[in-house]
Amino acid sequence: MTTELDVVAVAVFAFFFILVTVMGFMAARWKRGETMAHIDEWGLGGRKFGTWVTWFLVGGDFYTAYTVIAVPALVYAVGAYGFFALPYTIIVYPFVFLVMPKLWKRAKEHGYVTAGDVVFGQYGSRGLELAVAITGVLAVMPYIALQLVGMAAVIKALGLHGEGLRGELPLAIAFIVLALYTYSAGLRAPALIAFVKDIMIYIVVLAAVALIPWELGGYGAVFQAADDAFKAKGAGGILLGDSQMVAYASLALGSALAAFMYPHTLTGIFASAGANTIRKNAALLPAYTLLLGLLALLGYMAHAAHLNVASPNDVVPALFQTLFPSWFAGFAFAAIAIGALVPAAVMSIGAANLFTRNFWKAYVDPGVSHAGEAQVAKVTSLVVKVGALLVIVFLPTQFALDLQLLGGVWILQTLPALVFGLYVGWFQAPALLAGWAVGFFGGSWIVWQNGLKPLQALTFGGTTVTVYAGLLALAANIAVAVVVNLAVAPRVVRTA
């Protein structure tokens, strides 16, 4: 991949980036309520996003810039195993259809803004509320940083790079602009920008999967080249190996259960206008899964194009740079960069809402006004973005990657506390808190023991299978919660 300055590509990139910047600032007046000095208005868009706005918003913060870079990169590196994102983004939508309307109704009726609010309202436990809130913030912070990885990859391809801090200047400028319009418009900014981002991504991916194989001799040649490359490397393949089946399935299931526990995806749910809006989106959002499957094929196309890349993360930019004219490469790079801004904004808002409602209001200023809540959330969202930027600038990218892998294991441990109470009233807060602690710290230990890989080998008789660590931790979480609840529940009843 060349890293020389491409003036045409930079000009096209700059045009679309300026366009969404203007839209971001204009969003403060879009669907505006009586005042922005309320966390419902700033952090949830007034809870009145309809089907299409929610579709673009949730699609925008679920299918991120890092996804556009990382999924083809993983397929390029390991082959078929990288396609686990497809079944995961299929399994998740029946879960969304069944669970999220009930969660939205609970939040709407009681004015809840975060997962921590829901848990405290259900169980009355500050300890459990704080555990859920801390987990959400820890899980989403590296996710924000990784959006910068996707943006950095396209900035490098455009030739906008240099030595030391000067090389990070374009990235810093982009995130300063993001911070300013998010501060001003709140959730409305990424919701409005998501329309442009998603349309651009669809154009880019559809053009790529139609034109790149034509340039490379067809899909038969693409798959053959990828198969030959994996055989030459002696690792990976275009089909799953027998030893990968359970790992693939468990990773897909665990990721699906975790996906809508994250603060940014829940923010999209809570901002919806109604339960039916969520059900319609559960039916419509699989369109993005089709897009993701097509996108993943770019990993195989990179083998067929015989690209020379320093990192798998350079695969997508290198493909567009090599096989498309400069103007379209600039358009594609703008789509990916804008694809970083939307989820990063929603993630920072989700983290800010958690801090404001479940730490600041709970422990620092219980009598804070609605305007005070909104102001604390705004400032916190700025701090979160600055923190993510500093992680990428001053720490190795691998640090953010490792934390993000742990984040998936961590956020899955909030599922029992958040979801079980929607259906049964049997569980008590001490039991769920004990289960969370075992799952959180036990899952972290499993991942650490495996060299920060979220997979654990289990041997049954003479058979060894590899299982996603997050699912193992969740199983331990639920088991401990049940056992502790059996011990605690009678005492709670007697003392009530």
Side-chain angles (χ1 to χ4, degrees), residues 20 23 27 30-31 44-68 71 83-108 187-210 252-253 255-297 335-336 338-339 341-343 345-347 349-350 419 422:
V20 300
M23 291 178 65
W30 177 58
K31 291 182 175 288
L44 293 179
R47 302 183 193 256
K48 52 190 176 187
F49 290 163
T51 300
W52 287 111
V53 177
T54 301
W55 188 72
F56 280 107
L57 178 64
V58 174
D61 70 23
F62 192 32
Y63 300 88
T64 68
Y66 185 68
T67 304
V68 174
V71 171
F83 281 87
F84 83 90
L86 266 70
Y88 137 47
T89 54
I90 295 170
I91 296 168
V92 69
Y93 293 120
F95 176 81
V96 171
F97 188 91
L98 293 171
V99 175
M100 291 301 143
K102 293 180 71 70
L103 185 61
W104 177 89
K105 184 179 179 183
R106 180 74 58 87
K108 176 68 173 179
L187 191 64
R188 287 175 172 82
L192 187 58
I193 293 169
F195 282 89
V196 177
K197 171 258 184 186
D198 289 353
I199 291 169
M200 291 176 70
I201 288 288
Y202 267 100
I203 292 170
V204 167
V205 174
L206 293 176
V209 298
L253 176 60
S255 299
L257 293 175
F260 277 78
M261 299 296 105
Y262 280 99
H264 57 288
T265 45
L266 282 177
T267 296
I269 293 297
F270 291 154
S272 300
N276 279 335
T277 297
I278 297 168
R279 294 187 185 96
K280 290 175 184 176
N281 270 273
L284 293 170
L285 280 165
Y288 283 98
T289 301
L290 174 62
L291 188 72
L292 185 62
L294 298 174
L295 185 69
L297 292 173
I336 295 170
I338 295 166
L341 299 180
V342 172
V346 183
M347 290 169 189
I349 290 168
V419 174
L422 299 175

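None of these values were measured; they are calculated from a predicted model.
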So, taking the atom named [atom1] in [X] and the one named [atom2] in [Y], what distance separates them when rounded to the nearest 0.5 Å?
X      : Y      : atom1 : atom2 : result
Ile278 : Ile269 : CD1   : CD1   : 4.5 Å
Tyr93  : Asn281 : OH    : CG    : 9.0 Å
Ile349 : Leu44  : CD1   : CG    : 9.0 Å
Thr289 : Tyr88  : OG1   : OH    : 9.5 Å
Leu292 : Leu297 : CG    : CG    : 10.0 Å
Leu285 : Ile90  : CG    : CD1   : 13.0 Å

Side chain to side chain contact (heavy atoms under 4.5 Å, CB included) between Thr277 and Val53, worked out: CA-CA 10 Å; Thr277 297; Val53 177; over 6 Å; no

Hey, mind stepping through Trp52 and Phe195 against ring-ring contact (aromatic ring centres under 6.0 Å, His included) and telling me if it holds? CA-CA 9 Å; Trp52 287 111; Phe195 282 89; 8.8 Å; no

According to the interplanar angle, ranging from 0 to 90°, do the rings of Tyr202 and Trp55 count as parallel (below 30°), tilted (30 to 60°) or perpendicular (above 60°)?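 Taking Trp55 first and then Tyr202, their aromatic rings lie parallel (interplane angle under 30°).
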
Please confirm whether Phe49 and Phe270 have ring centers closer than 6.0 angstrom.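 For Phe49 and Phe270, the ring centres are not under 6.0 Å apart.
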
Determine whether Phe84 and Val71 satisfy the following criterion, side chain to side chain contact (heavy atoms under 4.5 Å, CB included), listing intermediate values before the conclusion. CA-CA 9 Å; Phe84 83 90; Val71 171; over 6 Å; no

Between the main-chain N or O of Thr51 and the side-chain N or O of Thr54, is there a donor-acceptor pair closer than 3.5 Å?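 It does not hold such a pair.
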
Validation: residues 96-108 side-chain donor-acceptor distances under 3.5 Å, sequence neighbours left out:
residue : atom : partner : partner atom : Å
Trp104  : NE1  : Ser272  : O            : 2.9
Arg106  : NH1  : Gln122  : OE1          : 2.6

Can you name the nearest heavy-atom pair linking [X] to [Y], along with the distance?
X      : Y      : result
Leu257 : Met261 : O-CG, 3.5 Å
Ala259 : Val92  : CB-CG2, 4.0 Å
Gly293 : Phe83  : O-CE2, 4.1 Å

Just so I know, are the side chains of Tyr288 and Thr89 near enough to count as touching, which here means a heavy-atom distance under 4.5 Å? no

Evaluate the side-chain proximity of Leu57 to Leu187: yes if any heavy-atom separation is below 4.5 Å, no if none is. yes

Give the C-alpha distance, both sets of side-chain angles, the deciding distance and a yes or no for side chain to side chain contact (heavy atoms under 4.5 Å, CB included) between Leu341 and Lys197. CA-CA 9 Å; Leu341 299 180; Lys197 171 258 184 186; over 6 Å; no

